[in-house]
Amino acid sequence: MTTDSHFLDQLNPVQKQAAITTEGPVMIIAGAGSGKTRVLTFRIAHLIEKGVDPFNVLALTFTNKAAREMKSRIGRLIGDSKARSLWMGTFHSVFAKILRFEAEKLGYPSNFTIYDTDDSKSVIKEVLKQLNLDEKVYKPSLVLNRISSAKNNLISYKQYQNNTTIQAEDRNSQKPLMGFVYEAYAKRCFKAGAMDFDDLLFNTNILMRDFPDVLIKYQDKFRYILVDEYQDTNFSQYVIVKQLAARFENICEVGDDAQSIYAFRGANIQNILNFKKDYPDVKTFKLEENYRSTQSIVQVANAVIANNKDQFEKNVFTRNEEGEKIKVIKANTDNEEGAKVANLIFETKLREQAFNKQFAILYRTNAQSRALEEALRKLNISYRIYGGISFYQRKEIKDLLAYFRLCINHNDDESLKRIINYPARGIGATTMDKLDLAAAEHGISIFTVCENLKDFNLGINGGTANKINDFVTLIKNFGLQLAVKDAFELGNTIAINSGILKDLYADKTPEGVSRYENIQELLNGLKDFVLQNRTPQEEELKSSIISTMEVQKDDLFATEPTTELRTLDEFMQEITLMTDVDKEEENETDFDKVSLMTIHAAKGLEFPYVFIVGLEENLFPSQLSINSRADLEEERRLFYVALTRAEKRATLTYATTRYRFGNIVYAEPSRFLDELDDKYVEYPEIPSSSFSNSAFDKLKGRSFGNKNEEPQFKSNFKPKVAGKKPLLNVNATKSNSFNQNMDADTIKNLREGNMVEHAQFGKGKIEFIEGEFPNLKATVDFEIGGKRQLLLKYAKLKVLPT
DNA sequence: AGCCCCGGTGAAGTC
DNA sequence: CACCGGGGCT
């Protein structure tokens, strides 16, 4: 496509109108797969082509990855340099960037730290200790949720304490002092020069409320505003957008109420309704034609979502072919479910010449990934997991990052506590308690106490005091290098001089080696970072500040704005708000992988073949949702999102038993399975082992694509909705399936020649049994694992009929 | 100060 | 089953 072609002609009439109606408020209701990204991309390209300066365009996306992808697509239409100048990113990253330059107005340093959830929880724990509250009553995660939701509704701690409704709620939940916890938490963060995720939005609101000139500056700057995934914005975000757009009202909101899946963290579908109230002359466009999926998939998804009461009328349709029916597959255990999914992928790859990367396995909770991973590994199918513990959550990475953070912001108490005695330098718990107490009493940071140790009579002995001084010197010394060294050089210096590298190098266990490698990988990341150019937004902010304000002597201006030096604090700003999905698969040589992720993480993505697993009551829909209609409807929207990820084939699976908390629980098929339109559904039987009667044999000697080779379909699925049983704990001793130890009788009856199956090693034949009960030992020849000796009382074997 | 072992407890989803 | 915090031992 060339720059001067009429790219707009590729759009259908509604899409085109949505793209070219650039002035005034616009609402685009975009059904799943309706080409939303395309419309947004073309709309922005069109704006720029019309002569709008890209610096005046703000596009808020749901992930940074989405922003990056959209930028590059726009770049292809109108040129990269213009596209690069667009302001695009998540709410959090865009406003974090702006806050860097305005923070001092709010009393924060411009190099404020962003606390992640772990940091926040740890602050809350300290606060609870300080207030003498019981962690079992005031559970840190609950407290954090409560504070978070207050902030997302723009309720300050003072308002919180004065709000009678809230106070009544807290008294009812036996947590009357919650308001004081909120206050102490907020004060601690402020003192540490730190903002949590919610503060980034909350403080942006404060900034715009209390500094009209700043508001005007940004209103004037962002003349065209686009918000993607509007259905997932919360009140705080809604107000920011409303304020920014107040002057020009060139605001375009894109969303789909049917895909709202973040109410749990304060997202509010009402924002869409408010939009109509705020801008009565809003022009609405409905994108209803689905270009992504087959008839079957669209129809089934529509049938499912029709069960929700809260929704806009909308008629999503497709002119694509009818396609295959949706497949529903039953398994007896979670492991069998994994095996069946893996087999189907294996088979489909052979039969349809498909690639790994065309498959996605979606689940409700991260914990479900284990069984799936094992099954995929068994068949040598390479996969990638999104979410779960991300790279930046690993202990060793967090340790090193804590050094970085502390160097940038000495008041970051959380980081200080993490590393003051790591690697061990003889500053123990007793000393820490004293420092902590002094800091709290004087309302200053721990580092400040350390710097001025002799001013506080803490009864710390001379030796320890020296160690503290050494630490202070070390950190200050690193801090001084921020302005003169690039991120990679300084990162390296810190990794070495802190002693981290040495400490990890000394650990020769496999975990230790892996930790060392992770640090190296982070340093590689730093290297990459310093080789990239600064984004135009960063340049812009730097120069705009310099031209509008007198030069100050703080860190921001210590270096020439034009310098190419990419510093460590810039690196930290960039990575702090990165999510796992945002991370490029940089160093991966093998891109062809099956994707495993939660449905939440799959939002916005599409795959030819989609597996939705764990369709069981109390799992999907989640146990926590089934008592409220609103929550249940959100689960259903989540299911809708999952289904509409599929282009060609959607396969749904459920297991009748599943491991949870280490023991087997029975599960019933999800109520959502009853809501499928039967006309488009079938129930094939799938073998769970690929090495005997399945994939290999079936494919052997048969031509690909022969309809007769389809497994025979049988409707074995008789869901019942009435009288759902609660989760049941099962006494597992007598049952004989893998992943549990065999009972005594089973062990005694085992004979040489018996066939067994192991979750990891597959099927095998017992060649030899030695020893005496209960210490019988068997030599088993496994199909996958080869010959192994197993102590039978520990072996988790399933005995197969001979 | 640091390590290890024990027992209690707990998994929804994310910037 | 897996993690965390507390207590006790070296």
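Residue numbering restarts at 1 for every chain, and letters A, B, ... go by the order of the sequence lines.
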For A:K121 and B:dT14, what is the distance between atoms NZ and P respectively, to the nearest whole Å?
13 Å
Across the strands shown, which category fits A:Q368 at heavy-atom distances under 4.0 angstrom: base, sugar-phosphate, nothing?
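It contacts nothing in the nucleic acid.
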Identify, with sequence neighbours excluded, every residue that meets side chain to side chain donor-acceptor pair (under 3.5 Å) alongside A:K398.
A:D116, A:D118
Of A:A367 and A:D198, the one whose nearest nucleotide on DNA chain B sits closer to the 5' end is A:A367
Mind checking what makes side chain to side chain donor-acceptor pair (under 3.5 Å) contact with A:Y238, not counting sequence neighbours?
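For A:Y238, the residues satisfying side chain to side chain donor-acceptor pair (under 3.5 Å) (neighbours in sequence not counted) are A:D278.
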Can you list the residues that meet the salt bridge (charged side-chain N to carboxylate O under 4.0 Å, His left out) rule with A:E633, with sequence neighbours excluded?
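Only A:R629 meet the salt bridge (charged side-chain N to carboxylate O under 4.0 Å, His left out) criterion with A:E633.
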Length of the line joining A:E635:CD and B:dG13:P, which is rounded to integer Å
11 Å
Pair A:E414 + A:R405, salt bridge at N-O below 4.0 Å:
no
Nucleotide B:dG13, atom C1' - distance to CZ of A:R364 in whole Å:
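After rounding, the reported distance stands at 5 Å.
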Which residues share a side chain to side chain donor-acceptor pair (under 3.5 Å) with A:S236, sequence neighbours left out
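Here the qualifying residues are A:N205.
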Which atom pairs link the protein and nucleotides 5-10 of chain B when you take only N or O atoms and keep those under 3.5 Å?
none

For A:D399, give me all partners under salt bridge (charged side-chain N to carboxylate O under 4.0 Å, His left out), at least two apart in sequence or on another chain.
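With sequence neighbours excluded, A:D399 shows a salt bridge (charged side-chain N to carboxylate O under 4.0 Å, His left out) to A:K395, A:R418, given in chain and number order.
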In chain order, what residues pass the ring pair (Phe, Tyr, Trp, His ring centres under 6.0 Å) check against A:F190, with sequence neighbours excluded?
A:Y108
Base, sugar-phosphate or nothing for A:Y262? Non-hydrogen atoms, less than 4.0 Å.
sugar-phosphate
Consider the side chain of A:T90, meaning its heavy atoms from C-beta on, and name the nucleotide among B:dC15, B:dA12, B:dT14 that approaches it most closely.
B:dC15
Mutual orientation of the aromatic rings belonging to A:Y262 and A:F62 [parallel < 30°, tilted 30-60°, perpendicular > 60°]:
tilted
Which atom pairs link the protein and nucleotides 2-10 of chain C when you take only N or O atoms and keep those under 3.5 Å?
unit_1	atom_1	unit_2	atom_2	d
C:dG5	OP1	A:K125	NZ	3.2

Roughly how far apart, to the nearest Å, are B:dG13 and C:dC4 at atom P?
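Their P atoms lie roughly 16 Å apart.
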Going by salt bridge (charged side-chain N to carboxylate O under 4.0 Å, His left out), name the residues that satisfy it together with A:E606, two or more places apart in sequence or in a different chain.
A:R292
Euclidean distance, atom CD of residue A:E374 to atom C1' of C:dC1 [Å, nearest integer]:
12 Å
OP1 or OP2 of B:dT14 under 4.0 Å from side-chain N/O of A:T598:
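For A:T598, the contact criterion (side-chain N or O under 4.0 Å from OP1 or OP2 of B:dT14) is met.
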Check every strand shown and say whether A:T117 touches a base, only sugar-phosphate, or nothing at a heavy-atom separation below 4.0 Å.
base
May I have the distance from A:R636 (atom CZ) to B:dG13 (atom P), rounded to whole angstrom?
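Checked: the CZ to P distance equals 21 Å.
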B:dA12 phosphate, OP1 or OP2: any side-chain N/O from A:N366 under 4.0 angstrom?
no
Just the rounded figure in Å: distance from P of B:dG13 to CZ of A:F620.
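Computing the A:F620:CZ to B:dG13:P distance gives 12 Å.
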In whole Å, what is the span from the CD1 atom of A:I261 to the P atom of B:dG13?
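Value for this atom pair: 12 Å.
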Is A:R384 positioned over the aromatic face of A:Y386, cation under 6.0 angstrom from the ring centre and no more than 45 degrees off axis?
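Yes, A:R384 and A:Y386 form such a contact.
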Could you pull out the protein-nucleic contacts involving nucleotides 1-3 of chain B (nitrogen or oxygen on both sides, under 3.5 Å)?
unit_1	atom_1	unit_2	atom_2	d
B:dA1	OP1	A:G426	O	3.3
B:dA1	OP1	A:G428	N	2.6
B:dA1	OP2	A:A429	N	3.4
B:dG2	OP2	A:N421	ND2	3.2

Which residues pass the salt bridge (charged side-chain N to carboxylate O under 4.0 Å, His left out) test with A:R265, sequence neighbours left out?
none
Can you check the A:E229 CD to B:dT14 P distance for me, whole Å?
15 Å
Is there any salt bridge (charged side-chain N to carboxylate O under 4.0 Å, His left out) pair reaching into residues 144-155 of chain A, and which pairs are they, with sequence neighbours excluded?
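Residue pairs with at least one partner in residues 144-155 of chain A: A:R146-A:E169, A:R146-A:D170, A:K151-A:D196, A:K151-A:D199.
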